[in-house]
There are 2 protein chains.
Amino acid sequence: MTEDKLQYIEEAGMAFELFGMTRMAGRILGYLIVCDNESVSFNEIMGALKASKGSISGTTKQLIAVGFVEPVSLPGDRKTYFRISNLEVGSILRERIKLFVKFAEVLDKGRNLKEKNDRVTDWTLEVSSFYKWLGDEVDLILQKWEREKENIIKENSENYGNKKKST
Amino acid sequence: MTEDKLQYIEEAGMAFELFGMTRMAGRILGYLIVCDNESVSFNEIMGALKASKGSISGTTKQLIAVGFVEPVSLPGDRKTYFRISNLEVGSILRERIKLFVKFAEVLDKGRNLKEKNDRVTDWTLEVSSFYKWLGDEVDLILQKWEREKENIIKENSENYGNKKKST
DNA sequence: CATTTAGTTCAATTATTATTGAACTAAATG
DNA sequence: CATTTAGTTCAATAATAATTGAACTAAATG
């Protein structure tokens with residue numbers, strides 16, 4: 001594994017921490033992103049990240065639970081391999097928006113404890129209405145993405161990265 | 001402060017913790033949501049939450065920094081008061097989506113470290129294209145909200161909570 | 001069926017983050 | 001200008017979360 005990839009793995013660890021995952025989960029994802037194998041073994045991950053068995057065991061389970069990673073098993077091989085899931089963008093977004101809807105519910109609950117309306121109840125009503133609306137809107141957004149994605153992805157691919165294919 | 005409100009404050013503390021804030025920040029927000037004053041003093045918050053001066057000082061600063069709370073100062077009164085900001089839903093959403101765009105950039109960076117394309121580069125390209133597209137799309141979504149919000153909010157207000165006004 | 005391999009579990013440790021509390025600054029008041 | 005009030009700062013402590021490592025289970029292999 002090259003130095004720049006190792007460095008990226010640590011960076012990914014830090015970055016994914018910002019999204020509420022553990023650093024180790026970020027490192028594993030980073031490793032799965034930059035490594036050149038279709039799927040990698042428990043031991044390979046352990047070696048590459050210099051982490052303990054227990055940590056790899058627990059963290060891969062977490063990543064599988066949230067759907068970012070899937071276990072792969074091969075015939076005639078008792079090991080488990082791991083790879084990045086082909087998680088659809090839609091399901092990732094929907095999960096995130098569910099959190100917003102939950103946030104909206106906390107606001108509603110607070111509003112309902114008040115005797116009368118004021119500036120704050122107006123605000124919580126607006127914000128919670130918005131998040132609940134957004135929860136409904138997400139399907140339309142994703143339909144639009146489905147219609148446009150082919151062009152967008154092509155354009156992105158030409159502008160940024162993936163240039164190696166054409167050399 | 002009634003028992004159910006005190007309980008709500010603790011619940012809000014736990015809930016906001018899920019969104020990456022500290023429990024104390026959640027409690028302060030919860031308090032500002034359910035208390036019946038337009039704005040509340042440092043000391044009142046301290047008393048209501050039974051927390052230390054230092055903690056209230058630090059946490060209110062945090063909440064002000066991220067825009068959820070604003071300090072209010074009154075003429076002829078040397079105290080600082082605090083209240084929930086009228087933060088627009090649009091700016092909250094834009095901030096959130098910025099995080100997704102950052103996530104997209106981490107994926108791009110990983111993809112660019114690879115020698116050749118495979119299943120994973122295809123996936124990271126799609127996901128990062130999506131998040132970057134979403135970053136652009138947010139303005140259209142918010143425009144739609146502006147057009148529809150009046151009706152949605154009214155409906156929400158009738159269906160859920162805020163019934164006290166009419167009694 | 002003994003041995004090796006692959007992974008799990010969980011108590012102990014380490015690292016990180018939040019909160020307190022006491023000493024401090026700065027402004028307002030008498 | 002001494003005193004009170006309002007809030008800040010920050011080192012110490014407490015609470016929480018992540019990671020290790022060693023003992024374990026369970027399946028596969030010879």
Side-chain angles (χ1 to χ4, degrees), chain A residues 6 9-32 37 39-66 68-83, chain B residues 6 9-32 37 39-66 68-83:
Chain A
L6 287 172
I9 289 165
E10 291 306 313
E11 242 177 84
M14 303 298 285
F16 283 88
E17 237 175 2
L18 292 179
F19 306 111
M21 318 184 69
T22 68
R23 187 173 302 180
M24 191 59 77
R27 283 197 277 240
I28 292 179
L29 279 175
Y31 181 66
L32 293 178
N37 305 327
S39 49
V40 299
S41 72
F42 189 102
N43 244 280
E44 192 180 337
I45 297 175
M46 212 178 113
L49 306 188
K50 295 192 208 316
S52 70
K53 256 183 162 185
S55 182
I56 302 301
S57 173
T59 310
T60 50
K61 292 240 164 297
Q62 261 176 247
L63 287 168
I64 290 166
V66 298
F68 273 107
V69 164
E70 43 186 40
V72 181
S73 105
L74 301 178
D77 188 339
R78 62 160 104 170
K79 291 203 210 72
T80 306
Y81 293 80
F82 301 92
R83 65 175 185 190
Chain B
L6 286 172
I9 290 166
E10 291 306 313
E11 242 178 83
M14 303 298 286
F16 283 89
E17 236 175 1
L18 292 178
F19 306 113
M21 317 183 70
T22 69
R23 187 173 303 180
M24 191 58 77
R27 283 198 277 238
I28 293 179
L29 280 175
Y31 181 67
L32 294 178
N37 306 326
S39 49
V40 299
S41 72
F42 189 101
N43 244 281
E44 193 180 338
I45 297 175
M46 214 178 111
L49 306 188
K50 296 192 208 315
S52 70
K53 254 181 164 187
S55 181
I56 303 300
S57 173
T59 310
T60 50
K61 291 239 166 300
Q62 261 177 249
L63 286 169
I64 291 166
V66 300
F68 273 105
V69 165
E70 44 187 41
V72 181
S73 107
L74 300 177
D77 189 338
R78 61 161 105 168
K79 293 202 208 71
T80 307
Y81 294 81
F82 301 92
R83 65 176 184 191

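What you see below is based on every heavy atom in this structure, not just the backbone, and it leaves out hydrogens, waters and symmetry mates. Just so it is clear: chains get the letters A, B, ... in the order the sequence lines come, proteins before strands, and each one is counted from 1.
- Between the CG atom of Leu63(A) and the C1' atom of dG7(C) there is a distance of 16 Å, rounded to whole Å.
- With contacts defined as side-chain heavy-atom distances shorter than 4.5 Å, the pair Lys79(A)/Asn43(A) does not qualify.
- Both Gly54(A) and Ser41(B) sit near DNA chain D, but only Ser41(B) has its closest nucleotide nearer the 5' end.
- Within the structure, a side-chain polar atom (N or O) of Thr22(B) is placed less than 4.0 Å from OP1 or OP2 of dT19(C).
- Counting to the nearest Å, the P atom of dT8(D) and the CD1 atom of Ile64(B) are 8 Å from each other.
- Distances shorter than 4.0 Å separate some side-chain N or O of Arg27(A) from OP1 or OP2 on dT19(D).
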Pairs counted as Watson-Crick or G-U wobble with both distances under 3.5 Å: what dot-bracket string results for DNA chain D, using | for bases tied to another strand?
-> ||||||||||||||||||||||||||||||
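- To the nearest 0.5 Å, the span separating CE on Met24(B) from OG on Ser52(B) amounts to 6.5 Å.
- Rounded to a whole Å, the CG atom of Leu74(A) is 14 Å from the C1' atom of dA6(C).
- A donor and an acceptor atom, one from each side chain of Tyr31(A) and Glu44(A), are located under 3.5 Å apart.
- Residue whose closest nucleotide on DNA chain C sits further toward the 5' end, between Asn43(A) and Glu17(A): Asn43(A).
- Summarising the geometry, the separation between CD1 on Ile28(B) and P on dT19(C) is reported as 9 Å, rounded to the nearest angstrom.
- Going from atom CD1 of Ile56(A) over to atom C1' of dA6(C) covers 14 Å, rounded to whole Å.
- Interatomic distance, Ile64(A) CD1 to Thr59(A) OG1, rounded to the nearest 0.5 Å: 10.5 Å.
- Separation of atoms CG (Leu74(B)) and OH (Tyr81(B)) is listed at 5.5 Å; rounding is to 0.5 Å.
- With Arg27(B) as the partner, the salt bridge (charged side-chain N to carboxylate O under 4.0 Å, His left out) test is satisfied by one option alone out of Glu10(B), Glu17(B), Glu11(B): Glu10(B).
- Taken residue by residue, residues 75-83 of chain B places heavy atoms nearer than 4.0 Å to DNA chain D at Arg78(B), Lys79(B), Thr80(B).
- Across all non-hydrogen atoms, the minimal contact from Leu6(A) to Ala48(A) is CD2-O, 4.2 Å.
- Note: CD1 (Ile45(A)) to C1' (dG7(C)) measures 12 Å, nearest angstrom.
- Regarding contacts with the backbone of dG7(D), every side-chain N or O of Ser57(B) stays at 4.0 angstrom or more from both OP1 and OP2.
- Look at CE on Met24(A): it is 16 Å from P on dT14(C), rounded to the nearest Å.
- The distance from atom CD1 of Ile9(A) to atom CD1 of Ile28(A), rounded to the nearest 0.5 Å, is 10.5 Å.
- The CZ atom of Phe42(B) sits 17 Å away from the P atom of dA26(C) (whole-angstrom rounding).
- Checking dT19(C), dT20(D), dT8(D) against the side-chain heavy atoms of Lys61(B) singles out dT8(D) as nearest.
- The phosphate of dG21(C) has neither OP1 nor OP2 within less than 4.0 Å of any side-chain N or O from Lys53(B).
- Remark: Phe68(B) CZ to Thr60(B) OG1 distance equals 15.5 Å, nearest 0.5 Å.
- To the nearest 0.5 Å, atoms CG (Leu63(B)) and CZ (Phe16(B)) are separated by 9.5 Å.
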